[in-house]
Each structure stands twice: as structure tokens, then as C-alpha cells.
Amino acid sequence: MYRNDGFRELDRRECLRRMATVPVGRIVHTRGALPAVLPVNFCLEPDGTVVLRTSAASELVRAVHGTVVAFEVDEIDVVRQSGWSVVVTGTASVVTDPAEQERLVRTGPRSWAPSRQEVFIRVSSDLVTGRELVGGRSLYGLDHA
């Protein structure tokens, strides 16, 4: 996080609690040596691992498997000028264990764009950071207007 920017930092536990309340996030990866951002639905495992479900033929699968990615979720209230953002950074990997795949079919996220062959992608939560701005005020108590 950036120090002294007026936002309140959230600890890991609070970050994961907030993440669990949001159905869609954004996976950030590299595509052609440039940053790429893709909105996806997801679920959060109890240990903080992010789980995505996508087409086995998806370009995303090839782009992220075995690489370090970021995953971001947020909630913004434009009327109150408040909100929070959480970023998970970790290694993405395709789930290949048949027992784990079967478990995730039952408990994992449902695809919003189903395909014939789907895979699950896990993103480890090696680094979890978050911050919050409440009611249009910063830590300094100054209005943004």
C-alpha cells in the first residue's frame, strides 16, 4: 500500500472477509508483455485461495497457469464517496487433481458463461492487501470537495 495517502489499510482477515461478499473481481496478468485485466466471477476458499472457473479452451488458462497474477475486488459507493479495494497476489494454477476438480464442481464458482469443457484456476493468496476510504473523508479528516 502507499503510505500517507489518506486511506485506512485493512488487515488480511478483514480483506478476506470483504472479498467473500463480492461475486466479481478482476484478474490481472501479462498478455504479450503488457498488463491485461479481465473481470471474472469467483469464490474464495477458507484459506484465502481465489478460485475461478473458465473454459478449458480459454486463452486465460494458457496465459496464467504457473505465473504470478494479481486479483482485485472492490466495492465503491459514488454517492457517499467511499469504498474499499482488496488485492490478492499469488501464483495461478489449473486444478488437475480429479478429486479436487469434483469437489470444486460441487462447491466452486458457477460459470457465468458456461462451456462444454471447463477448468478451475486457483490463485494462491501469498500477499493480501486492502484499503478503505469512508464517507468521502481521508485519515486527515478533510473533505475531498
Side-chain angles (χ1 to χ4, degrees), residues 1-139 144:
M1 298 284 71
Y2 301 104
R3 301 280 181 223
N4 302 319
D5 64 0
F7 289 82
R8 182 176 76 87
E9 287 188 41
L10 304 173
D11 65 24
R12 179 185 176 95
R13 194 170 103 208
E14 180 65 10
C15 287
L16 296 177
R17 185 192 71 73
R18 291 181 187 217
M19 281 186 76
T21 68
V22 178
V24 175
R26 287 165 285 297
I27 188 162
V28 183
H29 61 95
T30 303
R31 182 176 180 183
L34 297 171
V37 181
L38 184 65
V40 293
N41 66 305
F42 73 102
C43 74
L44 195 62
E45 298 274 89
D47 67 353
T49 298
V50 174
V51 179
L52 317 174
R53 185 177 192 164
T54 190
S55 167
S58 166
E59 198 174 302
L60 178 65
V61 174
R62 292 183 301 281
V64 303
H65 181 64
T67 68
V68 173
V69 300
F71 188 81
E72 190 268 346
V73 297
D74 55 41
E75 187 172 273
I76 307 298
D77 184 330
V78 295
V79 173
R80 291 192 172 110
Q81 297 180 334
S82 63
W84 56 266
S85 175
V86 171
V87 177
V88 170
T89 305
T91 303
S93 59
V94 175
V95 175
T96 57
D97 177 64
E100 186 64 5
Q101 288 172 339
E102 184 59 34
R103 182 186 73 80
L104 289 171
V105 165
R106 292 188 313 277
T107 64
R110 299 284 173 236
S111 180
W112 287 14
S115 67
R116 286 196 177 137
Q117 276 195 315
E118 295 180 327
V119 296
F120 292 95
I121 298 172
R122 296 175 152 286
V123 177
S124 61
S125 58
D126 300 337
L127 177 62
V128 179
T129 58
R131 59 192 209 148
E132 171 184 45
L133 176 66
V134 179
R137 295 191 165 278
S138 71
L139 288 177
H144 290 132

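Starting from 1, each residue takes its place in the sequence as its number. Not measured: the values here are computed from a predicted model.
A donor-acceptor contact shorter than 3.5 Å is absent between the side chain of Gln117 and the backbone of Ala57. Using a distance-only test at 3.5 Å, with no hydrogens or angles considered, no donor-acceptor pair links the side chain of Arg122 to the main chain of Leu52. No donor-acceptor pair under 3.5 Å is formed between the side chain of Arg53 and the backbone N or O of Trp112.
Between Ser111 and Glu118 the shortest heavy-atom distance is CB-OE2, 3.2 Å. Of all non-hydrogen atoms in Asp77 and Arg80, the two that sit nearest each other are OD1-N, 3.0 Å. Taking every heavy atom of both residues into account, Pro109 and Phe42 meet most closely at CB-C, 3.9 Å. Residues Trp84 and Thr21 share a closest heavy-atom pair of CZ2-OG1, 4.2 Å. Between Gly66 and Thr91 the shortest heavy-atom distance is C-CG2, 4.1 Å. Between His65 and Ser93, the closest heavy-atom pair is ND1-CA, 3.5 Å.
Note that the OG atom of Ser124 and the CG atom of Asp47 stand 9.5 Å from one another [nearest 0.5 Å]. Taking CD of Glu45 as the start and OG1 of Thr107 as the end, the distance is 6.0 Å to the nearest 0.5 Å. One finds the CG atom of Leu133 at 11.5 Å from the OG atom of Ser85 (value rounded to the nearest 0.5 Å).
Look at Arg8 and Glu14 and you find no salt bridge, because none of the NZ, NE, NH1 or NH2 atoms lies under 4.0 Å from a carboxylate O.
Between Val86 and Phe71 there is no side-chain heavy-atom pair separated by less than 4.5 Å. Under the 4.5 Å side-chain criterion, counting only non-hydrogen atoms from C-beta, Ile27 is in contact with Val64. Contact of the Arg12 side chain with the Ser125 side chain is registered, since non-hydrogen atoms from C-beta on lie closer than 4.5 Å. Under the 4.5 Å side-chain criterion, counting only non-hydrogen atoms from C-beta, Arg18 is not in contact with Val73. Asp126 is not listed as a side-chain neighbour of Thr89, based on a closest heavy-atom distance of 4.5 Å or more. Taking 4.5 Å as the limit, some side-chain heavy atom of Leu38 sits within range of a side-chain heavy atom of Leu60. The shortest distance between side-chain heavy atoms of Val50 and Met19 falls below 4.5 Å. Asn41 places none of its side-chain heavy atoms less than 4.5 Å from the side chain of Pro23.
Within 6.0 Å of atom CZ in Arg103, more than 12 heavy atoms from other residues, nucleotides or ligands are found, so the atom counts as buried in its surroundings. The neighbour count for Arg116 CZ, taken as heavy atoms of other residues, nucleotides or ligands under 6.0 Å away, does not exceed 12.
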Could you walk me through whether Val95 and Val119 pass the side-chain contact (heavy atoms from CB on, under 4.5 Å) test, one step at a time?
CA-CA 7 Å; Val95 175; Val119 296; over 6 Å; no
